[in-house]
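So the structure is just underneath, and the comments pick up after that.
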Amino acid sequence: MMKQILSSFFSFFSSYSRMLLSSCVAVAGLIFYAPDADAQELRCNVEVNSQQIEGTNKSVFESLQEAMNNYMNETKFTNATFSPNEKIECRLFLTVAEYTDDRIKGDLQIQLSRPVYNSTYTTTLFNFRDSKVEFDYREGDPLVFNENTEESNLIAILDYYAYLLLALDFDSFSPNGGQPYFDRASSIVQQMQSSGEVGWRTFEDTKNRAAVLSSYTDANTSGMRKLLYDYHRRGLDEMVTAPDKGRAVITESLNELKGVYANAPMSVALSIFRDSKLDELVNVYSKAPQTERESVYDLLQPIYPTESQRIDKIKNPDQN
């Protein structure tokens with residue numbers, strides 16, 4: 001009972017922190033108990049691309065897109081209360097590569113963005129391509145949320161990413177604020193270990209769903225979660241009013257990458273950060289002192305040796 005009480009309080013505190021800090025909230029106290037608040041958490045843009053599939057009725061893919069869209073945008077995944085302004089912005093882009101006997105194979109691009117406090121700017125928290133997506137789907141199949149079990153592999157994939165995105169978003173607003181949702185994602189991974197479906201088995205692949213989750217929750221790489229909070233809440237959110245102060249925190253937060261690289265140089269967390277943040281960092285340091293730009297360059301270059309062209313722009317922002 002005490003564990004449940006503490007878990008509920010933790011979720012309440014994290015939800016409150018997120019709402020309090022949202023750039024879209026004018027008066028946090030007024031909307032926290034707003035009677036018209038929408039409990040659903042995600043505003044997810046879902047697209048299914050079937051251009052690679054020829055000679056088949058495309059209506060099945062239209063049905064799939066509609067089903068996925070409704071599931072992600074209408075399912076209530078948590079007990080947190082969100083106003084329409086606060087919904088978490090994300091995108092799922094499914095590219096279908098094969099379709100045989102109701103079996104769909106392809107890859108899924110997942111993106112998560114977050115508003116920066118007191119600005120119109122949005123920043124990418126997560127950008128990842130899941131290349132091991134396979135599931136059975138017949139046109140018109142209902143997708144039904146079940147909190148206790150995963151009814152199909154497609155539902156398991158959608159639930160996993162919904163909770164992962166929630167965890168990352170909440171972590172960016174309060175230290176370890178996403179823990180309840182990392183726990184839910186972990187439960188799904190554990191359930192699916194014996195399913196026989198690809199993409200779930202621990203140690204099967206360095207970039208599958210189990211590996212992505214571990215890159216944030218394992219002790220060797222959990223510094224990525226501290227980076228999420230420091231970089232976004234203490235860094236970007238502060239840059240609007242105090243650019244030098246906010247940027248200094250971002251610079252400090254990047255040291256977490258060194259620890260992850262030292263402990264797990266092949267961690268998928270490093271490639272996720274690369275795809276989410278390298279271009280943004282060019283802009284963050286465009287007006288930084290030369291010594292600061294050089295220190296960031298020296299930190300990132302050994303971690304991302306194949307990204308010299310982008311990283312060089314941090315050191316020399318005026319280069320073409």
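Residue numbers count from 1 along this sequence. When reading the values below, keep in mind they use all heavy atoms of this one structure, side chains included, and skip hydrogens, waters and symmetry mates.
F93 and V212 are not part of a single hydrophobic cluster, where members link through side-chain heavy atoms under 4.5 Å apart. By the rule that hydrophobic residues join a cluster once side-chain heavy atoms approach within less than 4.5 Å of another member, V198 and L164 end up as members of separate clusters. Grouping the Ile, Leu, Val, Met, Phe, Trp and Tyr side chains by contacts below 4.5 angstrom, directly or via other members, places F128 with L42. No continuous path of ILVMFWY side-chain contacts below 4.5 Å connects V249 to V296, so the two sit in separate hydrophobic clusters.
Classification of D244 and R247 as a salt-bridged pair holds, one side-chain N sitting under 4.0 Å from a carboxylate O. Ionic pairing of E134 and R103 is present here: one or more N-O contacts between side-chain nitrogen and carboxylate oxygen are shorter than 4.0 angstrom. Salt-bridge annotation for K315 and E294: absent, with no side-chain N of the basic residue lying under 4.0 Å from a carboxylate O of the acidic one.
Judged by the 6.0 Å and 45° rule, R114 forms a cation-pi pair with F173. Note that R233 lies in the cation-pi zone of Y117, set by a 6.0 Å cut-off to the ring centre and a 45° limit from the axis.
Donor-acceptor pairing under 3.5 Å is recorded for the side chains of Q179 and D183. Using a 3.5 Å distance cut-off with no hydrogens or angles, the side chains of T78 and E41 do pair a donor with an acceptor. A donor and an acceptor atom, one from each side chain of T95 and Q52, are nowhere located under 3.5 Å apart. Looking only at atom types and distance, the side chain of Y137 has a donor-acceptor partner in the side chain of S63 under 3.5 Å away. For the residue pair E280/T123, the side-chain donor-acceptor check at 3.5 Å is satisfied. For the residue pair E292 / S295, no side-chain donor-acceptor distance below 3.5 Å is found, with atom types taken as modelled.
The nearest pair of heavy atoms linking D169 to L125 is CA-CD1, 3.9 Å. Scanning both residues, S195 and W200, for their nearest heavy atoms gives OG-CD1, 4.2 Å. Minimum heavy-atom separation, V144 to E151: O-CG, 4.0 Å. Scanning all heavy atoms of the two residues, the minimum distance from N153 to M192 falls at OD1-CE, 3.3 Å. Contact between H232 and L228 at its shortest, heavy atoms only, is ND1-O, 2.7 Å. Contact detail for V189 and A210: the closest heavy-atom pair is CG1-CB, 4.0 Å.
Within the 4.5 Å cutoff, the side chain of L254 has heavy atoms near those of the L299 side chain.
The backbone N or O of P305 sits less than 3.5 Å from a side-chain atom of S308, completing a donor-acceptor pair. The main-chain N or O of L213 is found under 3.5 Å from a side-chain atom of T217 such that the two form a donor-acceptor pair. Listed for the N118 side chain is no donor-acceptor partner under 3.5 Å among the backbone atoms of T241. Under the 3.5 Å distance criterion, the side-chain polar atoms of N263 are left unmatched by any main-chain donor or acceptor of T221. Under the 3.5 Å distance criterion, the side-chain polar atoms of D171 are matched with a main-chain donor or acceptor of G177. E256 places no side-chain N or O within 3.5 Å of a backbone atom of S253 that could act as its donor or acceptor partner. Judged by distance alone, with hydrogens and angles left aside, the side-chain atoms of N146 form a donor-acceptor pair with the main-chain N or O of N148 at under 3.5 Å. Not a single donor-acceptor pair under 3.5 Å links the side chain of K313 to the backbone N or O of S286. Side chain of N255 to backbone of E252: a donor-acceptor contact under 3.5 angstrom is found. Distance alone, capped at 3.5 Å, is enough to place a donor-acceptor pair between the R209 side chain and the K132 backbone.
In the displayed structure, K245 atom NZ is contacted under 6.0 Å by at most 12 heavy atoms of other residues, nucleotides or ligands. Other residues, nucleotides and ligands contribute only 12 or fewer heavy atoms inside 6.0 Å of the CD atom of E66. Other residues, nucleotides and ligands place no more than 12 heavy atoms under 6.0 Å from the NZ atom of K258. With a 6.0 Å radius and a threshold of 12 heavy atoms from other residues, nucleotides or ligands, K277 has its NZ atom above the threshold.
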Check the pair Y297, N316 against side-chain contact (heavy atoms from CB on, under 4.5 Å), reporting the backbone distance first and the verdict last. CA-CA 10 Å; Y297 172 88; N316 303 299; over 6 Å; no
Derivation and outcome, side-chain hydrogen bond (donor to acceptor under 3.5 Å, both in side chains), residues Q40 and T75: CA-CA 6 Å; Q40 207 286 326; T75 300; over 6 Å; no
Would you check, one step at a time, whether the test side-chain contact (heavy atoms from CB on, under 4.5 Å) holds for L143 with N70? CA-CA 9 Å; L143 303 183; N70 291 342; over 6 Å; no
Test side-chain hydrogen bond (donor to acceptor under 3.5 Å, both in side chains) applied to Y161 and D130, step by step: CA-CA 10 Å; Y161 281 113; D130 186 334; 2.6 Å; yes
Which is it for R43 and I88 under the side-chain contact (heavy atoms from CB on, under 4.5 Å) test, yes or no, and what are the steps along the way? CA-CA 6 Å; R43 182 178 289 110; I88 297 170; over 6 Å; no
Hey, mind stepping through T149 and Q191 against side-chain contact (heavy atoms from CB on, under 4.5 Å) and telling me if it holds? CA-CA 8 Å; T149 189; Q191 287 183 50; 4.0 Å; yes
Check the pair N69, E47 against side-chain hydrogen bond (donor to acceptor under 3.5 Å, both in side chains), reporting the backbone distance first and the verdict last. CA-CA 8 Å; N69 182 75; E47 185 173 347; over 6 Å; no
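Going from atom SG of C44 over to atom CG of L112 covers 9.5 Å, rounded to the nearest 0.5 Å. Atoms CD1 and OG, on I157 and S152 in that order, are 8.5 Å from each other to the nearest 0.5 Å. Distance check: M224 CE to L270 CG gives 6.5 Å after rounding to the nearest 0.5 Å. D230 CG to R225 CZ: the interatomic distance, rounded to the nearest 0.5 Å, is 13.0 Å.
Screening L92, N49, L94, N127 for a side chain to side chain contact (heavy atoms under 4.5 Å, CB included) involving Q109 leaves a single residue, N127.
Between F126 and Y216, the ring planes lie tilted relative to each other; the angle falls in the 30° to 60° range. Aromatic ring pairs are classed by plane angle as parallel below 30°, tilted from 30° to 60° and perpendicular above 60°; the pair Y99 and F61 is perpendicular. Between Y231 and F273, the two ring planes are perpendicular [angle over 60°; tilted spans 30° to 60°].
Checked against a 6.0 Å centroid threshold, the rings of F77 and F145 count as neighbours.
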